[in-house]
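First up is the structure itself, then whatever we jot down about it.
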Amino acid sequence: MSPKAVARDTLLTTLREQFEAAWIVSQPWRTEAEEDCRFVAGDQWDAKDRANLQAKNRPVLVFNEVLPQVDLVSGMARQTPVGYRAYPRGGEDQVVSTIATACLAYAMERTQGAQALYRGYDDGVITGRAWWEIGLDTTYTADLLGEVYLGRVRPMAIVEDPGAERLDRQDAEFIAKAAWAHEAAAKRRWPEHRDAFNIGDWLTGVGPSPIEGWSTDKQQIYLDAKTKQVRLLYVWYKVPKTRYVVTDGALGHTTESETGREAEAFLRTARRAHTTELGPFEDRYKTVEIKSHSLRVATMTGWRILDDQPHPIAGARLFPFVPMLAHNYTDEPFGLVRNIKDPQREINKRRSTFLHIMMTSANSGWKVHAGSMSKAKIRSLEEHGADSGLVLVHTGNFPPQEIIAKTMPNAYMEYDAIMSNSIRKTTSINAELAGQTTQQTVSGAAITARQRGGLVGLQGFVDAFAFARTQIGMHLLQWIQHYYDEQKIRNVLGDLLAQGQAEELPGGAAEIQQVLANEKAIETFKRMRQTELDVVLMPDATPPTIRATQFADLMQLRQAGFPIPPEIILDASDAPKKDAIRRALKAQGVGPPLPTAGQATPAAQSPFGGGG
């Protein structure tokens, strides 16, 4: 066996052992997460309990109160538009900011990034864990390289290093994405590895099999015998690496080298150019060794490495995945659904029992004296005893007597009233937050206060989503800076102008036109590719309810005489095209109020339409 083959077999064994260990550790969470998703979809009965009730011809009801809770928390996130703004780190170059922000907006719109964001957020709310992937997609473009895209990954398909502790999971040694592929499709995708996908033969004992001797549990990780599918693993893993950084204390510059020899060559060149006015050479230049890593991605089955490549972006050290972790008090996060499954089970069983009592009490039975009716008439009474207009023919002095059912126990009714709000109490979602209050005399201020109280209990989801969105923006920008060349960026800016969306960018249409017409525009694009940029959310992640309240508070303070700058009020609002308004405000100032501006409307009195 060649050294290359030995190295590949060693890599296969290492990655497979890491994956299987992480798979086993995370299996309890995946089982719970799958059940969480079924509960949202309305599949809420245990199979044994359902079969037991159905065998007794008893009702099996589902009053799905989980879905409205998920819809509410999910809908709150969808009220905040998805957007990013990029700023050069350590500088205020508006042109670079405009270009970078435009490219982020294009990437999100072109590959349906908003839908991926929100769908992933749903995963986080339901299961406690969400994952997104950043990469290249060729689905909707003729570009050979594809479009930079954001995709949602089903959280149960990600298997991560269980030793990772950072919220962004970038301290993991590996992150794997698992996907199923049919035997025929896998052979078409990797024709050079056709012999690695003879699943049907292996499962029927035909020919040599790489899974021979594997336990049933291990086989089920990598094979689906029923559908003849194989599990493909895309394992991103770290390779240790030492970087050499030479610091220039006099000018504040740093130079990174891949090897020690490159660093030494740089120092020799620097020594020749060094002048004594900048101090001793040994004091000016220092070489620092930094223990780091590079990233590779292996495509594999449980028995073969199909491909092994470096990260598509040379020198990149970040996994192309972003997680969202909701309630993360233990090693396994959980979402909104986990703690309301028991209350939901209780509701279903209580309502099913209630209906059973009501149905049986309507026709509780008959007392028939022996010999007073024939067997045929008794069978007719059994079948039609609850029908209206029933005629009974009997012999003797003992007519059939209907058994009077007992009334619904008071204890049951009291219990039903006590448990009526069990799910809302568990989730902290009150009636005001859900928009279902029935009290007509409650003031708008009181409703707002209760809504704020409900939002406090959901702030964990808001914060986790905001952190994930920021990380996603940073990842997207890294890929954009690498793959977007000058012509691509020109096309992006031209499309925004043609579609009338340029006014929503920091510099507006005028600045974009200047960039496109500037003969030195290429220098701007090059500078963007070499500049470190910070990404912020636009607008911020504050829930709409809170933003509306803050805006109303600012307006009241301004009306009371406080010197609130109009720029602050604009930033606090949810008005569209803020950048265009900001430019007009800078050029023209605040105009006189309209005649009706001082007349308070219900919406102005309270952000939720209530009275003051």
Side-chain angles (χ1 to χ4, degrees), residues 77 80-89 91-118 120-121 132-137 140-141 143 145-152 168 312-313 316 318 320-322 465-509 511-512 515-516 521 524-541 576-580 582:
T80 301
V82 173
Y84 294 104
R85 181 170 293 173
Y87 295 98
R89 188 172 299 171
E92 297 297 334
D93 194 324
Q94 186 67 42
V95 174
V96 174
S97 176
T98 297
I99 296 173
T101 301
C103 291
L104 281 167
Y106 173 85
M108 288 292 290
E109 186 275 333
R110 181 67 174 167
T111 59
Q112 304 174 3
Q115 287 76 9
L117 260 179
Y118 292 137
Y121 178 67
W132 293 271
E133 181 180 18
I134 298 89
L136 295 175
D137 179 56
Y140 302 107
T141 180
D143 193 325
L145 290 177
E147 292 282 2
V148 175
Y149 87 106
L150 169 69
R152 168 253 180 185
D168 59 5
I313 300 178
L318 295 178
F321 298 101
V322 174
F465 190 39
F467 177 79
R469 285 174 56 195
T470 302
Q471 295 296 311
I472 287 170
M474 294 172 61
H475 280 262
L476 282 172
L477 195 55
Q478 181 187 41
W479 285 74
I480 287 170
Q481 287 180 284
H482 183 78
Y483 281 104
Y484 281 20
D485 57 16
E486 179 189 358
Q487 188 57 49
K488 178 75 170 181
I489 298 176
R490 284 183 177 277
N491 293 340
V492 168
L493 298 180
D495 287 345
L496 291 175
L497 282 174
Q499 297 170 10
Q501 299 176 0
E503 291 300 329
E504 300 178 17
L505 299 176
E511 185 170 85
I512 290 180
V515 171
L516 293 175
T524 301
F525 298 130
K526 285 184 176 180
R527 186 165 71 252
M528 195 206 88
R529 291 170 64 96
Q530 298 167 357
T531 302
E532 291 189 5
L533 299 164
D534 287 322
V535 176
V536 298
L537 302 181
M538 184 178 65
D540 63 30
K577 302 184 182 299
K578 285 186 182 180
D579 285 302
R582 191 175 289 108

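We count residues from 1, following the sequence as given.
In this structure, Ala107 and Ile480 approach most closely via the heavy-atom pair CB-CD1, 4.0 Å. When every heavy atom of Ala102 is checked against every heavy atom of Leu493, the shortest pair comes out as CB-CD2, 3.6 Å. Contact detail for Arg152 and Ala116: the closest heavy-atom pair is CB-O, 3.7 Å.
For Tyr149, there are no side-chain hydrogen bond (donor to acceptor under 3.5 Å, both in side chains) partners two or more places apart in sequence or in a different chain.
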Is there a side-chain contact (heavy atoms from CB on, under 4.5 Å) between Val535 and Arg85? Walk through the geometry before answering.
CA-CA 6 Å; Val535 176; Arg85 181 170 293 173; over 6 Å; no
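Side-chain atoms of Val536 and Tyr84, non-hydrogen and from C-beta on, never get closer than 4.5 Å to each other. Ile489 is listed as a side-chain neighbour of Cys103, based on a closest heavy-atom distance under 4.5 Å. Residues Leu476 and Met108 form a side-chain contact, since some pair of their non-hydrogen atoms from C-beta on lies under 4.5 Å apart.
Considering CG of Leu104 and CD1 of Ile472, their distance stands at 12.0 Å, rounded to 0.5 Å. His475 NE2 to Asp168 CG: the interatomic distance, rounded to the nearest 0.5 Å, is 7.0 Å. Between the CE atom of Met474 and the CG atom of Leu477 there is a distance of 9.0 Å, given to the nearest 0.5 Å. Going from atom CG of Asp495 over to atom OH of Tyr106 covers 6.0 Å, rounded to the nearest 0.5 Å. One finds the CG atom of Asp485 at 11.0 Å from the CZ atom of Arg490 (value rounded to the nearest 0.5 Å). Here the CH2-CG distance, from Trp479 to Leu318, works out to 11.0 Å after rounding to the nearest 0.5 Å.
Under the 3.5 Å distance criterion, the side-chain polar atoms of Trp132 are left unmatched by any main-chain donor or acceptor of Phe321.
For the pair Arg469 and Phe465, the cation-pi criterion (under 6.0 Å, within 45° of the ring axis) is fulfilled.
Between Tyr483 and Glu147, the side chains place no donor N or O within less than 3.5 Å of an acceptor N or O (distance only, hydrogens not considered).
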